[in-house]
Peer 1: 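Sharing a structure below in structure tokens format, with a few things to ask.
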Amino acid sequence: MPELPEVETVRNSLKEIILNQTIRSISINYNKIIKNVSEENFISSLVGQTFLDIDRHGKYLIFHLNDYYLISHLRMEGKYLIKNEEEINKHEHIIFTFDDFNMRYHDTRKFGTMHLYQKNINIFDELPLKNVGYEPFDNRLTIDNLYNKFQKMKKPIKTTLLDQKIIAGLGNIYADEVLYSTRINPLTQTNKLSREDVEKILNASRKVLKKAISLGGTTIRSFVSSHDISGRFQNELLIHTKKTCPNCRKEVAKIYVGSRGTYYCPDCQPLR
DNA sequence: CAGGTCTCCTGCTAGC
DNA sequence: TGCTAGCAGGAGACCT
């Protein structure tokens, strides 16, 4: 499943291929991916538009075209494939055709989303980006800022870390990794964390994501084979999906927090 | 406003 | 061996 580092890799890979390409036609095989405009509107708006840049905010890709922003979330299974054959796979839902090849949005579980906005709209005031806060790298996200927000939250810190409005970019896997590296129990009530804990969490988030991004960037040849990504990332994980704690060698616990599978070490991450 | 639950969808797995 | 029921998982919608 693509997390922030994979999305960053997709962004960089796609930039090499589709920048300055003009959309000649679009075919839509499953339209529920597109959330805020009709299928007809989507097609008529985008045909003739050229990809000028690709940005990322949290786990969202932001495609810049002449007159529009196309905002894409891959959720668990989404990927962009570059092809030039005729045959269409049943999981290829949206196909953008350029002069010499096409780009296909492929998504087995159909959970991904696309939003289309005209460029005169501030996309950060609209769904889905209005619900996305700052990334850990963004210096507008300060310790005080985060600590103040945490004071009002009673839910488990694991759940808080998955809330994109609070910190953008952490998914289920990285939330576990961040909590493990800070030795904080995932069930700890968010408002019980000290300012020092918050600082640790912020630092760990930066570190974990930065490392993953750099790895994603170096291990991936092509976004086409997204399997390579998850394979490599798994080598770097310390706690998520592990059986034994790398620190104390005791058994890792698996619980559910907010119906998300959560791994932690009861010994190294005791509930305070 | 905070927080809980339901929903979307399908490949995969456990269990028969 | 073949079948089915149940599950996982980001984030929006909706409700309390």
Side-chain angles (χ1 to χ4, degrees), chain A residues 1-8 10 28-37 39 56-62 71-80 88-94 105-117 123-136 145-179 186-193 205 209 212 226-227 229-231 233-234 237 239-242 253-263:
Chain A
M1 62 201 79
E3 298 233 15
L4 184 152
E6 281 129 319
V7 177
E8 180 64 12
V10 170
I28 299 176
N29 304 316
Y30 180 79
N31 63 19
K32 288 170 80 175
I33 300 289
I34 303 164
K35 295 300 177 185
N36 71 329
V37 295
E39 181 174 339
R56 184 186 57 69
H57 187 63
K59 302 177 210 168
Y60 291 85
L61 286 168
I62 305 171
I71 303 162
S72 165
H73 196 303
L74 307 173
R75 293 291 174 89
M76 277 78 75
E77 310 265 357
K79 46 189 74 99
Y80 284 97
I88 305 213
N89 178 288
K90 68 170 177 175
H91 299 301
E92 293 168 354
H93 306 307
I94 298 175
Y105 179 70
H106 179 294
D107 190 345
T108 318
R109 293 207 184 149
K110 302 178 171 172
F111 264 30
T113 62
M114 291 188 195
H115 289 77
L116 185 67
Y117 288 104
I123 52 177
F124 295 100
D125 290 341
E126 307 289 335
L127 279 178
L129 296 182
K130 73 171 180 183
N131 287 339
V132 184
Y134 300 130
E135 295 185 3
N145 180 319
L146 206 51
Y147 179 64
N148 289 338
K149 279 184 189 160
F150 277 19
Q151 292 302 99
K152 290 179 246 164
M153 304 176 82
K154 283 189 173 175
K155 55 187 168 183
I157 183 61
K158 166 70 185 267
T159 305
T160 298
L161 291 187
L162 292 179
D163 185 344
Q164 301 300 299
K165 204 166 190 168
I166 308 298
I167 302 180
L170 291 179
N172 196 39
I173 295 171
Y174 291 107
D176 282 1
E177 295 297 312
V178 165
L179 290 174
L187 290 169
T188 313
Q189 273 188 31
T190 304
N191 60 358
K192 300 227 168 118
L193 293 169
S205 303
L209 287 178
S226 69
H227 301 293
I229 306 177
S230 45
F233 280 151
Q234 268 161 22
L237 299 179
I239 193 76
H240 194 84
T241 70
K242 299 297 174 188
K254 188 189 178 188
I255 59 173
Y256 286 88
V257 183
S259 76
R260 297 281 175 271
T262 299
Y263 296 80

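These numbers come from a predicted model, not from an experiment. Naming: A, B, ... by sequence-line order, numbering from 1 per chain.
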Peer 1: Under 4.0 Å between any heavy atoms, over every strand shown, what does His91(A) touch: base, sugar-phosphate, or nothing? Just pick one.
Peer 2: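 Sugar-phosphate contact only.
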Peer 1: Distance check needed: dG11(B) P versus Met76(A) CE, whole Å only.
Peer 2: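 Result: 13 Å.
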Peer 1: With both distances kept under 3.5 Å, what pairs with dG15(B), Watson-Crick or G-U wobble?
Peer 2: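 dC3(C) is the nucleotide pairing with dG15(B).
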Peer 1: So what does Gly171(A) touch, heavy atoms closer than 4.0 Å: a base, only the sugar-phosphate, or nothing?
Peer 2: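 Nothing: the residue Gly171(A), judged by heavy atoms under 4.0 Å, touches no strand.
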Peer 1: With a 4.0 Å cutoff (strictly under), does any side-chain N or O of Tyr256(A) reach OP1 or OP2 of dA8(C)?
Peer 2: yes
Peer 1: Rounding to a whole Å, what distance do you find between Lys90(A):NZ and dC9(B):P?
Peer 2: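 Roughly 15 Å, once rounded to whole Å.
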Peer 1: When we call it a touch if two heavy atoms are under 4.0 Å apart, what does Asn131(A) touch: a base, just sugar-phosphate, or nothing?
Peer 2: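 Asn131(A): backbone/sugar contact only, no base atoms under 4.0 Å.
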Peer 1: Measure CG/Leu129(A) against P/dA11(C) and give the value in whole Å, please.
Peer 2: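 Going from Leu129(A) (CG) to dA11(C) (P), I get 11 Å.
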Peer 1: Is there, by distance only and without an angle test, a donor paired with an acceptor across the side chain of Arg260(A) and the base of dG10(C) below 3.5 Å?
Peer 2: yes
Peer 1: So what does Lys32(A) touch, heavy atoms closer than 4.0 Å: a base, only the sugar-phosphate, or nothing?
Peer 2: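 Sugar-phosphate: the residue Lys32(A), judged by heavy atoms under 4.0 Å, touches backbone atoms but no base.
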Peer 1: Quickly work out the Phe111(A) CZ to dA13(C) P distance and round it to whole Å.
Peer 2: 15 Å
Peer 1: Using atom CG of Leu127(A) as one end and atom P of dA11(C) as the other, report the distance to the nearest whole Å.
Peer 2: 12 Å
Peer 1: Distance check needed: dG12(C) P versus Leu162(A) CG, whole Å only.
Peer 2: 13 Å
Peer 1: Under 4.0 Å between a side-chain N/O of His73(A) and OP1 or OP2 of dG10(C), yes or no?
Peer 2: no
Peer 1: If you check every side-chain atom of Thr108(A), which of dC9(B), dT10(B), dA11(C) has the closest atom?
Peer 2: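 That would be dT10(B).
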Peer 1: Closest to the Pro128(A) side chain: dG12(C), dG3(B), dA11(C)?
Peer 2: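 Nearest to the side-chain atoms of Pro128(A), counting from C-beta on, is dG12(C).
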Peer 1: Hey, which of Glu3(A), Lys158(A), Arg260(A), Glu177(A) is the one that makes side chain to side chain donor-acceptor pair (under 3.5 Å) with Asn172(A)?
Peer 2: Lys158(A)
Peer 1: Nearest nucleotide by nearest heavy atom, which residue falls closer to the 5' end of DNA chain C, Ser259(A) or Val132(A)?
Peer 2: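 By nearest-heavy-atom nucleotide position, the 5'-most residue is Ser259(A).
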Peer 1: Will you find, in the side chains of Ser72(A) and Tyr80(A), an N or O donor that is under 3.5 Å from an N or O acceptor?
Peer 2: yes
Peer 1: Please report the distance, rounded to the nearest Å, between NZ in Lys35(A) and C1' in dA13(C).
Peer 2: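 Spelled out: NZ on Lys35(A) to C1' on dA13(C) is 11 Å.
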Peer 1: Quick check, are the ring centers of Tyr60(A) and His115(A) under 6.0 angstrom apart?
Peer 2: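 Ring centres of His115(A) and Tyr60(A) not closer than 6.0 Å.
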Peer 1: Sort out the partner of dC1(B) for me: Watson-Crick or G-U wobble, both distances under 3.5 Å, none otherwise.
Peer 2: none
Peer 1: Under 3.5 Å, is there a donor-acceptor pair between the side chain of Thr190(A) and the main chain of Phe150(A)?
Peer 2: no
Peer 1: Asp107(A) side chain to Gly112(A) main-chain N or O, any donor-acceptor pair under 3.5 Å?
Peer 2: yes
Peer 1: Please tell me if Tyr30(A) has a side-chain N or O lying less than 4.0 Å from either OP1 or OP2 of dC9(B).
Peer 2: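 So the side chain of Tyr30(A) is within the cut-off, an N or O lying under 4.0 Å from OP1 or OP2 of dC9(B).
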Peer 1: Roughly how many Å is it from CD in Glu92(A) to P in dT10(B), rounded to a whole number?
Peer 2: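 Roughly 15 Å, once rounded to whole Å.
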Peer 1: Look at Lys59(A) and dA11(C) and indicate whether a side-chain polar atom (N or O) is within less than 4.0 Å of OP1 or OP2.
Peer 2: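 The answer is yes; a side-chain N or O of Lys59(A) sits under 4.0 Å from OP1 or OP2.
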Peer 1: Does the pair Glu135(A)/Arg56(A) count as a salt bridge with the N-to-O cut at 4.0 Å?
Peer 2: yes
Peer 1: Looking at dT10(B), I'd like to know if its phosphate oxygens (OP1 or OP2) sit under 4.0 Å from a side-chain N or O belonging to Lys110(A).
Peer 2: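 Answer yes for this pair, as a side-chain N or O of Lys110(A) is under 4.0 Å from OP1 or OP2.
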